[in-house]
There are 2 protein chains.
Amino acid sequence: MATAAKENYLKALYHLHLKSPEISLTELGQTLDLRMPTVNSMVKKFHESGWVEYEKYKPVKLTEKGRKMAALVIRKHRLAEMFLSQVMGFGWEEVHDIAEELEHIKKEDFFDRMDELLGFPGIDPHGSPIPNKDGDLVRSSYESLSNFPVGSQVIFKALKDSSTEFLLFLNKRSIRLGAQINIIDIEAFDKSMSISLDEGDAQILSHAVAMRLLVEPK
Amino acid sequence: MATAAKENYLKALYHLHLKSPEISLTELGQTLDLRMPTVNSMVKKFHESGWVEYEKYKPVKLTEKGRKMAALVIRKHRLAEMFLSQVMGFGWEEVHDIAEELEHIKKEDFFDRMDELLGFPGIDPHGSPIPNKDGDLVRSSYESLSNFPVGSQVIFKALKDSSTEFLLFLNKRSIRLGAQINIIDIEAFDKSMSISLDEGDAQILSHAVAMRLLVEPK
DNA sequence: CAAAAAAGTTAGATAAGTCTAAGTTTTATA
DNA sequence: TATAAAACTTAGACTTATCTAACTTTTTTG
Ligand SMILES: [Mn+2]
Ligand SMILES: [Mn+2]
Ligand SMILES: [Mn+2]
Ligand SMILES: [Mn+2]
């Protein structure tokens, strides 16, 4: 595979290319918290490796080869997160930072064994899909809770934002992956939602929160 | 803590200092498979950090501070090996190489959780003691099987050599940690031993093998 | 104990990955 | 469309960790 630094670039490129296939060095630098000349010189190496298309002064594009390399790093990250959560008992708000280190382990057997022990999971603890060993993954088509009308009954399937702060907020509100959410009311003024969770008590979710919850009709 | 490179130096220093408190740069270099000038410059940095005593042209000595740092790396290594073996189902011959990478993970929680899940184990899968969080460990006083006379009944407690080749040999012979070994006969000519394992069939162990098995009287 | 061998040191180079400062090209805007 | 802003590139430096070649000190040995 590649060095830890390169694996981190690959992941960033992958996430950015999903938003738009043309990736500016500025964006990439901001994502990785690196200065532009740093990114510039690495992007040239990636071009040498055939991982990106690159022409001077133009945004880069991830090649199919690069996409696959990236997906395999993301596979390691998400398997690690799942393992940390399911086998080691860490909370979904704790797993990302540890996985950020574990994903750089080179021994493939380590991840294969995790996969096996977990029963070949399709998603990580935040509902994101886990690429297979070929780097392929099923892009799920969930929508934000904020897109649904009053009366909808939906299942909470994944997160749009997996920041620790947001995950801790969801913990406090007992909102967990797989829960059923019923939209009782939507306040026209600020788009805040009154919902009930799995037949539980009602609670209010701000539009900011509803936007970040990815759901599927029941 | 330290970088992965430095953690590997610390471990090597620790193992060498047990054999003799004065550690030559040549030995250290051979252990780590690094050239002497490389080791020389790193040793100067370790001296700056207060991890070794160092004077030009003299062998180095691990300081108490360095010993503790080293023990904490060894703790991570051995906890990882135990986890890989007990929780993930790897064989004792597979765990070392993976632990060589895992030991450099910086998140302390990761190892604390392993420790907890394993029930705070005192030894690793090869019978070596696991240092505690203060860097302290109980030095066990096992002896080589080759030191015992005919008629001895002993328990196989640890390995003097944990190389993959030796571990695979022991697997083939079904010789596992904790087994009882009865010395039936010793051939004067080559010091080979006829033994029986846990009431099982007899087998012959060469002196080379008997030397590498650490045991305790039953 | 002098010469040879072993051990250790210094100097200088290299590779990976990062930075700042300064210059160039492209894009946006007055 | 000229100019300003944003994006990108180049040059040069730094850090960590490594190497080889050449030199120095210490230890061993005939
Ligand atoms: Mn993550
Ligand atoms: Mn990472
Ligand atoms: Mn080991
Ligand atoms: Mn290591």
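Letters A, B, ... mirror the listed sequences (proteins, then strands); counts begin at 1. Since the structure is predicted, the reported quantities are computational estimates derived from the model, not experimental observations.
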Apply salt bridge (charged side-chain N to carboxylate O under 4.0 Å, His left out) to A:E64 and A:R67, showing your working.
CA-CA 5 Å; A:E64 179 48 28; A:R67 208 219 89 250; 2.5 Å; yes

Would you say the side-chain atoms of B:W92 and B:D124 include a donor-acceptor pair closer than 3.5 Å?
no

Is any side-chain heavy atom of A:P125 closer than 4.5 Å to one of A:M82?
yes

Before giving the answer on salt bridge (charged side-chain N to carboxylate O under 4.0 Å, His left out), spell out for B:K106 and B:E7 the whole-Å C-alpha distance, their side-chain angles and the decisive distance to 0.1 Å.
CA-CA 11 Å; B:K106 280 167 189 56; B:E7 290 191 331; 5.5 Å; no

Once you round it to whole Å, what is the distance between C1' of D:dC8 and NE2 of A:H47?
16 Å

When rounded to whole Å, the NZ to C1' distance for the pair A:K44 and C:dG17 reads 15 Å

Kindly assign one of parallel, tilted or perpendicular to the pair B:F166 and B:F169, based on the angle between their ring planes and the thresholds 30° and 60°.
parallel

By a strict heavy-atom criterion of less than 4.0 Å, which residues belonging to residues 49-63 of chain A are in contact with DNA chain D?
A:Y54, A:K56, A:Y57

Report the distance from atom NZ of B:K45 to atom P of D:dT15, rounded to the nearest whole Å.
11 Å

Matching residue for B:L13 among B:V52, B:T31, B:L32 - test: side-chain contact (heavy atoms from CB on, under 4.5 Å):
B:V52

Donor-acceptor contact present, side-chain B:E27 to main-chain B:S24, <3.5 Å
yes

CG of A:L25 versus P of C:dT27: gap in Å, rounded?
13 Å

Quick one, A:L10 and A:W51 - any side-chain contact, counting heavy atoms below 4.5 Å?
yes

Table of protein N/O atoms under 3.5 Å from nucleotides 19-21 of chain C N/O atoms:
| from | atom 1 | to | atom 2 | distance (Å) |
| --- | --- | --- | --- | --- |
| C:dC19 | OP2 | A:R35 | N | 3.1 |
| C:dC19 | OP2 | A:T38 | OG1 | 2.5 |

Going by heavy atoms closer than 4.0 Å, what residues in residues 1-13 of chain A are next to DNA chain C?
A:T3, A:A5, A:K6, A:Y9

For salt bridge (charged side-chain N to carboxylate O under 4.0 Å, His left out), just list the numbers for B:K133 and B:D112, CA-CA rounded to whole Å, side-chain angles, deciding distance to a tenth of an Å, and then say yes or no.
CA-CA 9 Å; B:K133 292 192 82 177; B:D112 291 346; 3.1 Å; yes

Taking the ring of B:H96 and the ring of B:H126, is the distance between their centroids below 6.0 Å?
no

